[in-house]
Amino acid sequence: MPAKPLIGVTTYLDPAAWGVWDMRAALLPEVYPRLVQGAGGIAAMLPPDAPAVAADAVARLDGLVVAGGADVDPARYGADRDPRTGPAADERDAWELALIEAALAHGTPVLGICRGMQLLNVALGGTLVQHLDGHTGGVGVFGAHTVKPVPGTRYASLVAEAVTVPTYHHQAVDRLGTGLTPSAHAEDGTVEAVELSDGPAGGRWALGVQWHPEMDADLRVMQGLVAAASA
């Protein structure tokens, strides 16, 4: 039986409480590792670390998931801060950008989820829309809307039909990063998935989705990453 691929998943550093403890912790919602495991991989948590060690971390992985979370600091893409943009997470921004850059350089498959898709775009020189409405169900509540794949893309090779997805974001791709192409859109035209334009035939496997596949029973996006990581 072939070994299962090791998939690193980035984490938050946030205050947390459990048992008798109340302190800062490396956090990752359980649904992320469950999604990796359900798709056939082994999940490894990647708390923020020095960007200089990102290449060493990636060299030990078969695939990388950049998880959702805080807004990307607009300074990372040369924009002024919109009043509706959340607080910066400098340590996490620096670490995850370094991981993405190392993964792309190493040829390690990458899946960016929500913030992770936005960081993938920023890492490749793109910019973000800092606020849009209608892509959540309210504060702390996931919304749902339909995304439609772009024919001929890697994403469309995984999910060929329009699907309803769980969504929780107020930022999105504006100018695309170098080498990225849209591979799914929401009904309002928002770019909901991006990928490196090598296409499904080969090349570096890098896909970003704006929604939250970890909150859904559909494993196909994560199965695509795990399959690429196993190749």
Side-chain angles (χ1 to χ4, degrees), residues 2-11 28 31-46 49 51 53-69 95-126 147 149-150 152-160 165 173 176-184 191-214 216 218-231:
K4 292 184 176 183
L6 182 65
I7 308 297
V9 188
T10 62
T11 74
L28 183 67
V31 284
Y32 281 99
R34 290 295 184 202
L35 181 65
V36 172
Q37 293 160 358
I42 298 171
M45 292 174 65
L46 298 173
D49 203 335
V53 306
D56 286 343
V58 167
R60 290 165 167 80
L61 300 173
D62 300 305
L64 172 67
V65 175
V66 183
W95 171 238
E96 292 180 351
L97 284 167
L99 286 173
I100 290 169
E101 290 164 3
L104 294 176
H106 194 263
T108 302
V110 181
L111 173 63
I113 294 175
C114 197
R115 164 190 162 88
M117 168 176 149
Q118 296 161 10
L119 269 177
L120 175 63
N121 191 57
V122 169
L124 291 169
V147 297
V150 175
T153 59
R154 177 173 282 118
Y155 172 68
S157 74
L158 299 172
V159 183
V165 296
V173 165
L176 282 166
T178 301
L180 289 175
T181 187
S183 49
V191 174
E192 287 285 329
V194 297
E195 61 189 55
L196 281 177
S197 51
D198 298 309
R204 293 175 298 170
W205 200 101
L207 173 65
V209 298
Q210 188 64 80
W211 64 92
H212 285 268
E214 78 280 6
D216 198 358
D218 191 338
L219 298 176
R220 287 177 289 179
V221 168
M222 187 62 74
Q223 286 171 335
L225 173 71
V226 169
S230 303

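Everything numeric in this text was worked out from a predicted model, so none of it was measured.
Residues Val159 and Pro149 form no side-chain contact, since every pair of their non-hydrogen atoms from C-beta on lies 4.5 Å or further apart. No side-chain heavy atom of Leu46 sits less than 4.5 Å from a side-chain heavy atom of Val65. Using a 4.5 Å heavy-atom threshold, the side chains of Leu35 and Pro213 count as touching. Between Gln118 and Gln210, some side-chain heavy-atom pair lies under the 4.5 Å cut-off.
The two residues Leu158 and Gly224 come nearest to each other via the heavy atoms CD2-CA, 3.7 Å. Annotation for Thr10 and Val66: closest pair OG1-CA, 3.5 Å, computed over non-hydrogen atoms. Here the closest heavy-atom approach between residue Leu176 and residue Thr181 is recorded as CD1-CA, 4.5 Å. Among all heavy-atom pairs drawn from Val58 and Ala103, the shortest one is CG1-CA, 3.8 Å. The two residues Arg154 and Leu196 have their closest heavy-atom pair at NH1-O, 3.9 Å. The heavy-atom pair separating Gly40 from Pro5 by the smallest distance is O-CD, 3.7 Å.
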Exercise for the section: Please lay out, stage by stage, how Leu104 and Arg204 fare under the test side-chain contact (heavy atoms from CB on, under 4.5 Å). Expected result: CA-CA 7 Å; Leu104 294 176; Arg204 293 175 298 170; 3.9 Å; yes
Practice task
Given side-chain contact (heavy atoms from CB on, under 4.5 Å), test Val194 with Leu207 step by step and report yes or no.
Solution key: CA-CA 6 Å; Val194 297; Leu207 173 65; over 6 Å; no
Exercise for the section: Could you go through the side-chain contact (heavy atoms from CB on, under 4.5 Å) check for Leu225 and Val36 one step at a time? Expected result: CA-CA 9 Å; Leu225 173 71; Val36 172; over 6 Å; no
Problem - side-chain contact (heavy atoms from CB on, under 4.5 Å) assessment of Leu61 paired with Ile7 - result: CA-CA 6 Å; Leu61 300 173; Ile7 308 297; over 6 Å; no
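We find the CD1-CG distance between Ile100 and Leu120 to be 5.5 Å, quoted to the nearest 0.5 Å. Put simply, CG on Leu124 and CD on Glu101 are 8.5 Å apart, with the number rounded to the nearest 0.5 Å.
In this structure, Tyr155 has its ring center closer than 6.0 angstrom to the ring center of Trp211.
Within the structure, the salt bridge (Lys or Arg N to Asp or Glu O under 4.0 Å) test picks out no pair touching residues 221-231 (sequence neighbours left out). The side chain to side chain donor-acceptor pair (under 3.5 Å) analysis of residues 222-231, with sequence neighbours excluded, yields no pairs.
With sequence neighbours excluded, no residue forms a side-chain contact (heavy atoms from CB on, under 4.5 Å) with Thr178. Considering only residues two or more places apart in sequence or on other chains, Arg34 meets the salt bridge (Lys or Arg N to Asp or Glu O under 4.0 Å) condition with Glu30. Scanning for side-chain contact (heavy atoms from CB on, under 4.5 Å) contacts around Leu28 gives Val9, Thr11, Tyr32, Pro33, Met45, Ala67, with sequence neighbours left out.
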When the side chains of residues 108-117 are checked against the rest of the protein, which donor-acceptor pairs come out under 3.5 Å, sequence neighbours left out?
from   : atom 1 : to     : atom 2 : distance (Å)
Thr108 : OG1    : His106 : ND1    : 3.0
Arg115 : NE     : Glu96  : OE1    : 3.0
Arg115 : NH1    : Ala70  : O      : 2.9
Arg115 : NH1    : Asp93  : OD1    : 3.0
Arg115 : NH2    : Asp93  : OD1    : 2.8
Arg115 : NH2    : Glu96  : OE1    : 3.1

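Checked by atom type and distance alone, the side chain of Asn121 pairs as donor or acceptor with a backbone atom of Gly177 at under 3.5 Å. Under a 3.5 Å cut-off, the side chain of Glu192 and the backbone N or O of Ala184 do not form any donor-acceptor pair.
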